[in-house]
Each structure stands twice: as C-alpha cells, then as structure tokens.
Amino acid sequence: MITLKLPDGTLKKLAPGTRAIDVAEGIGKRLAQIAIAAKLNDQIIDLNRELSVPSETETSAGTAEKTAEGASEAKEGTEAIPFVILTEKDSDALAVLRHSCAHIMARAVMRLFPGTQLAFGPATETGFYYDISSPIPITENDFPRIEEEMKKIVKLAEPFERFERSVSAGRTLVADLGQEYKVEHIDDELKKYPQLSFYRQGEFIDLCRGPHIPHAGRIGAFKLLSIAGAYWKNDSSRPQLQRLYATAFFSEKELKEYLVQIEEAKKRDHRTLGKQLRLFTISQQAGQGLILWMPKGAMVRSLLENFIRDELLKRGYSPVYTPHIGRLDLYRCSGHFPYYRDAQYPPLYYHPGAAAVDLCQYRLGAGFLDEKKEREMQLYLEGVGLLIPGYAEATTQEAKLDKVHHYILGVIEAMSIPIPDYAQAATPTERSAALFAWLQAQEGYLLKPMNCPHHIQIYKAQPRSYRDLPVRLAEFGTVYRHEQTGELNGLTRVRGFTQDDAHLFVTPDQVESELEANIELVLFVLKTLGLSDYRVRISLRDPASDKYVGAMELWNNAEQTLQKVVDKLGMPFEVALGEAAFYGPKIDFIVRDCIGRSWQLGTVQLDYNLPVRFDLEYTGSDNQAHRPVMIHRAPFGSMERFFGILIEHFAGAFPLWLAPEQARVVTVSEKFVDYAKKVEAEFRQHGFRITGDYRSEKIGAKIRDASLEKIPYILVIGEKEQNNQQVSLRDESLADMKARDLGASSVQDVIAKLSREVQEKRLHQIQKASIQFDSATKFAE
RNA sequence: GCCGACUUAGCUCAGCUGGUAGAGCAAUGCUUUCGUAAAGCAUAGGUCCGGGGUUCGAAUCCCCGAGUCGGCUCCA
C-alpha cells in the first residue's frame, strides 16, 4: 500500500496498480486533462505508469543514479510520499515535452534518412537535441522536411508506450533495430540494471528511461535550430556524431517569444556592442584571440583597474610588475611548461635547431604511451609541424621512439648541435636526458602562461620572516595561452589576457582568514557592479586521476579548508570533482553570457604545491625554516573576459563611473556654441569625460547619436540655458523616453549631482537579460 | 583540434540558375541655424577573405588556406 502526500497536504492511499493519471482523475477531470506527467518523491514519471514506491521504480535501467540516495530513506511503504501532477505550468513538464519531441525528431530523421544511428537525445535548458549518425550527413537545408515530417507525427497524436525488457532481451532488441550506439551503451553502463526501459511510438522504438508526455499531440510548437558535431559520449577519441539542436513549447506563442528573446540577446552580445561602440577590435593581421583595446574600451578597463587597485591597497597588497616572458626553467620548475605544453605558444630558443631538439626530447621523455596519449601526442607533433619520417607508420612504441631517435640524430649532425652525450645514450630515457641537458643550457624563454612563478621569484628575493606574512603581491599580469582555434570567442576566450592577479604567501594558520577575505573581495567586486547572477563552484581533485601534483595529505587539507571557509560564509555552492587546478583546489565564480554560456570569472585557488617546487621558506618564531602556503586569486579573472561579460550585463550602457564618455554637450544651434564650450570645459575641469557636438545638425539628431553611443547624460544648451547660465540635463538611463528630459539647472548643481553619482558608483538601472533560462536546470553547463 | 555554416564599401546587408558590383547608415563638401531619437542636396568610397583551378568569361562553380560564428573536445 502506498500513501501519497499531495501538494495541499492531503494524504491519499492507493490501491495497487493505480496510475498517476488515475490519481489526477480522482482529484479532478480538468487536472487529468491538462496533466503532462507526475512527480513522485522528486522523480518525474509517466502518467500511465503504475505508482510504486521509488526504490522499486528505479530498478529499471537508465534511471538516474543520483536519485538513489534520496529514495532509500523513503523505502518504508508506510510513509507518505510527496506527489505532484505536473501541468504545462511546471518547468519539469516542459523538459518532459522536449524530451518527447526529441524522440519525434529522431523518428522523423529515421524516416527520411534510413540507417540513421541514434545516440543520446536529452532535453536541455532551452530545448533539446539528439545525437545521431546518418549515412548521408544532415544539413540545415534538410530542416524544413524534417520539420514537416515531425508535424505529421505530432498531428497523429500517438501515445508514448513504455515497456521493459531484461538486459539480454533489451540488448537483442536494440541490436535487431540496428542501433549500435545503444548496444554499446548497454554494454558499457546499463547492464548493471536488472531491467531496461523502452518507449514505443508508432514504428519508432527507443531505449529510454523516460518519462514522456502521454501522446505527441501535446507538443504545441517546435523548431529545429542548428546542427553541430558532438563526440559520442563526449569523448574526443570516439566517433563524432551530428547533434541536431531544436526547441519545443506547449504553444506557438511561447516559441515565438523565445525566438524574439534570442534576437534580443544577440543585440547585447559583447562582440556586436564592442564593434558598435568602438570598445575593442580583433584584427586578423594582429592575430586571432589577441584583443586590441580601443580608446573607449581602454578607458573602461583603466577605471576598473583603478577601482580594484584601490581596494587592494586598502587590503594590504603590494603592487609589483613582472615581464611578459620568462626563462623556460622557471616554468619547468613550476610545472606549467611540461604540463600545458600544447596550450602554449612555442618556446623561444636562440639556437635554430633547438625547437626540434625540444620536441624530440619531449617525445622521448614521455616514453611509452597508451593508445589515447599516443594519438594526442601525434596530433600535437603534427600541429607544431614536427613530421618525423616513419613515425606515424610505426606500430609499436619502441619503433616510434626509435624513429624519433634517428630523426634527432640526423638533426644533430646536420645542424652541428654539440650534444656529445647523445651518442652514448642507449635508452629513450637517457637520450631524453642528454637532449634535456643541452636544452637547459640554451636559455629558452616562454611567453608567460601564468604570473605565479615570477611573483615567487619576488618572494624569494629576500629572506622572509613570519612577521612579514602574509605577503600579498598584486599585478595586472598579462599571460598568453595558445587556446585551440575552435575555442576562441570574442573577449571571453582569448589567447592573450590580463589577470587582476595576486599571490599571497601565508603561514598555514593564516590560510583560512586570507581565503575568507579574498572570497569577500570577489563578492564585493561583483556586488559593486551589480553582477548578482553568478554561481559558486568548489573545484576539487578527481581521486581517480593522476594529473595532479603534490602529496595527498596536502590536497586533503587544502580541500577541507576551502569547504570550511565557504560553509562559514554561508553561500550556496556546488562541488565539482575533477575541476581542480593541477596544483590545488579552487573556488570559482561563474557567470553566464547573453546566450547562456557559462564563463569563469573570479577565482581563489589554494596551493600547497608551488611552495614545495620552488622551495619557499619563511623563518618562524621558533627560528626554524617553515614552508608558506600560496593563494592565487583574481576577482575579475581576466580583464578581457570580465569586460566582455560587463558589456553584456550593462548592454553597453555603463554606469556613470565607468562610462567611457560620461556626458555630451549638444547645442540647439551654432549661436550657443561659445557658451556650450565654456560649460564643457567646466565639466572637464571637474574630471568628467565629456565631449561637445557642435555640428550644424538638428538637436534631435545629436541626441539620437549620443543615445546610440550609450552616453549616460546629455547636456542640452539653447537660448534659454545660455540666458540663465544653466544646462538642461537629459538622463539616457531612463527607459521612458518622455521622462528623460530632466529640465534646466545651474551648471554647479549638475556637476554636483553627477559627481555624487560617480562617487557612489551608482548603478543605472540595468536592462535585464532577455532569455529566461529554465530555473530547474539553472546554470547547467 | 574536430563537425557545420559563413566571409561583398567603415558598419548592416542585397546581388536569381556564371556575363567583372548595389542599397541604407556612416564619411566628406555645400545648403540649413533648428528645443530633446534621423534636415536636404552632392561627392567619394570595393584585392567581392587569400591562393590555385574549371571556363571565352568567376563575387557566383571546384580545390587548398585564413578568419568569424554555432556546437563538441579542452581550459593553469
């Protein structure tokens, strides 16, 4: 016997075999009509499924593992289980609808492209996709006929019928259907479940955990949006499939609204606004991913930098400056050069043969590689143009290493590179060591990928006492990372960027308070700019991975401290295993751009490892040498990315304190230019960034131009103002155009008003982002 | 790096199935001297992303490359 607890608190005892739809019918006919699915103890289920206690329902395959823990508590059949009928108003119901629409899309594709292999087809925050592989690749030109086919299916309003099979029978079924990816998925993951669930709709059968809408007729509107490549199981070493993106709604109206929202969002895209407002540019000739800050963008950046610099000085930081390049040895010691080699610009050597030696040393030093690592290595070597004869064709690791050996031997001879030890070296390890010894003497340099090693040198440049700690070294440090071409994106993903970086060298017992102070600094910065829509992520080590450096105790210690501080501050956060930096765990602050992509901004990272690598010390009160702990932190993250997000956040209309041009004087006619120029000069004297528009245009045109440039205030000067020694103020931040004209006041009053606004860093009203993301899956990446 | 689409004047974009380019805005000049989102007229402006190829002829078709965009993978 199951007892349900309805949202209004009433309890309902169920006879065995009762379905969710029966419960809905029992509550009311109308509810049963508008019902989409049901939610039993946080698990969404089909209306047509018999209700049973959650611990049993999830024995079937594909059911989310994560519900297991919640369900185990409610195992007792006597306890009332929370139960809700989901209707069109619930965002969970929309996700169900979209998942069902994914099935319909797959069904349509199967009809039009026989032989199509299906992979996964989940709902997303704003729609759904289905990963497929068809014998003839699908293009956007095929969208209309796929949509036509889908319309036919929706019109028939056939039900989604669930049925279950044992793993072996289910495997046979998908194999008979010719669905190889599904077979692989059963073998890889689903075989641990006792039962597999399937959904049938007409001729279409799909392995699927559900749930689904009762029948296809509930789909009010849908649209195919785009097509992209996606790797099977998100693994770049597996085959690439085609991912068909689409969206669906209960009504045509909602779909239209969504499409309008997307158009609106594009208007506030920082790449569009950056061009329009002349904030920054990227030139193909200067190089991709390298931002050229135009005067207006540079002004905003400089104001942001001043803001954060003032805050740092208040908080006991010491500004430092370090160069853009550093010796390779520095980055060998820190671990950055070997670890992130493929994401860096190539090292700079004087010797013309050094690049080849360097790469061959790298390959020899890597030794025997497994299949995946070897594939990555080969791609890397090809990417940097090192084509070793016979390497790709060699089938064993021994043979490959031998090819490298013969190749570099030839280079050494041809270029007369003096590495006498190489001839004696017999193993790949010895050969690598011989090459490395020579390379180390070569004075290679690296465009710096991180500022920490330089700051560490500053720390080490003098003896440190526990009395000096914390040492807080801050710099707007520019770093370079050779991001993959496909990753580059406006200001949010670039190859050269400036971090508002600082490194704190602290005693172990200062770690907690310094971490806390830094998280508070990040929160303060975000608050000042009105960025409230962010989430906090604690990134910890993946215990199964070997990519991390340093002792286990240190990691455990660091991770515990981070958790403790965040718990203490009482902010919501999520834990991400495997997202830690290779040297330590971190706390990241993540925001979204106008089209919903998540980007990491501020970060606070704990590091017990670099102090060891660089043998950092301070003298304690016991007169003994102790190891300091490092904290890496950047409240903005990168100036470029932060600026990009800020442009979108303000839709280009920066608050007065940040606006590159704060006010513009416009004259009614040329007769008032002399007075207007005096007013302009007066404002400039008071530190305002102001210009005058003295063209022989009509006043309306000048106001329009200033408005389009998103200048916060317009100062209008005509006969009246000139006679009374006043200015008329127009506030461009007001949504209501008619209310913008604030009337005339004295120049002094306006200066005082605007000065106050700057002083307070007051935020103009911010146009809210137009796309409403599904709150249920908020910020899913 | 991978999959796909795209790249035409400073910007936004037309240019049908091959016959060597056009609009609006911006710019410049002249006229206009105007009261809160676009005055009028005129002028100038193009390596149709780059390189090959097919063709009598290529912005248009094919190949290679670069860049941008949407995803995937990666992200210190």
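Just so it is clear, the model here is predicted, and its values are computed rather than measured. In what follows, every chain begins at residue 1, and chains take the letters A, B, ... in the order their sequences are listed.
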Point to revise | First encountered from the 5' end of RNA chain B, between A:Glu140 and A:Tyr480 | key: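 Per heavy-atom nearest nucleotide, the more 5' residue is A:Glu140.
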Practice item. Starting from the 5' end of RNA chain B, give me the residue, A:Gly700 or A:Asp705, whose nearest nucleotide shows up first. Key: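 Final value for this comparison: A:Asp705.
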Review point. Any Lys/Arg nitrogen of A:Glu559 or A:Arg541 sitting under 4.0 Å from an Asp/Glu carboxylate oxygen of the other?
Key: yes
Review point. Does A:Lys702 come within less than 4.0 Å of A:Asp705, counting only side-chain N to carboxylate O?
Key: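 Looking at A:Asp705 together with A:Lys702, the answer is no, because their closest N to O distance does not fall below 4.0 Å.
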Can you figure out which of [options] approaches the side chain of [X] most closely?
X	options	answer
A:Ser728	B:rG70, B:rC72, B:rU36	B:rU36
A:Arg271	B:rG70, B:rA37, B:rC34	B:rG70
A:Met450	B:rA76, B:rG70, B:rC34	B:rA76
A:Ser696	B:rC34, B:rA76, B:rA27	B:rC34

**Study point:** Name of the residue among A:Asp593, A:Ile291, A:Ile645 meeting side chain to side chain contact (heavy atoms under 4.5 Å, CB included) with A:Leu491
**Key:**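 Considering A:Asp593, A:Ile291, A:Ile645, a side chain to side chain contact (heavy atoms under 4.5 Å, CB included) with A:Leu491 is found only for A:Ile291.
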Determine: side-chain N/O of [X] to OP1/OP2 of [N], distance under 4.0 Å, yes or no.
X	N	answer
A:Arg597	B:rG71	yes
A:Arg238	B:rC72	no
A:Ser236	B:rC72	no
A:Gln484	B:rC74	no

Side-chain donor/acceptor contact of [X] with base of [N] under 3.5 Å:
X	N	answer
A:Glu376	B:rG1	no
A:Gln240	B:rC2	yes
A:Arg493	B:rC75	yes
A:Tyr231	B:rG71	no

Check your understanding: In whole angstroms, how far is the P atom of B:rG4 from the CD1 atom of A:Ile227?
Key -> 10 Å
Exercise for review: Starting at atom CZ of A:Phe672, determine the distance to atom P of B:rU36, rounded to an integer number of angstrom.
Suggested key: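 To the nearest whole Å, that distance equals 13 Å.
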Practice item. Could you check whether A:Gln276 gets within reach of a base, just the sugar-phosphate, or nothing at all, counting any heavy atom under 4.0 Å? Key: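 The residue A:Gln276 makes no contact with any strand.
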**Study point:** Touch class at under 4.0 angstrom, heavy-atom based, for A:Gln344 against every strand present
**Key:** base
Point to revise | Residues that A:Asp235 engages under side chain to side chain contact (heavy atoms under 4.5 Å, CB included), provided they are two or more places apart | key: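 Applying side chain to side chain contact (heavy atoms under 4.5 Å, CB included) to A:Asp235 gives A:Ser237, A:Arg238, A:Lys372.
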Check your understanding: Is there a stack between A:Tyr339 and B:rA76, judged by ring centres under 5.5 Å and planes under 30°?
Key -> no
Check your understanding: Between A:Arg641 (side chain) and A:Thr492 (backbone), is there a donor-acceptor pair under 3.5 Å?
Key -> yes
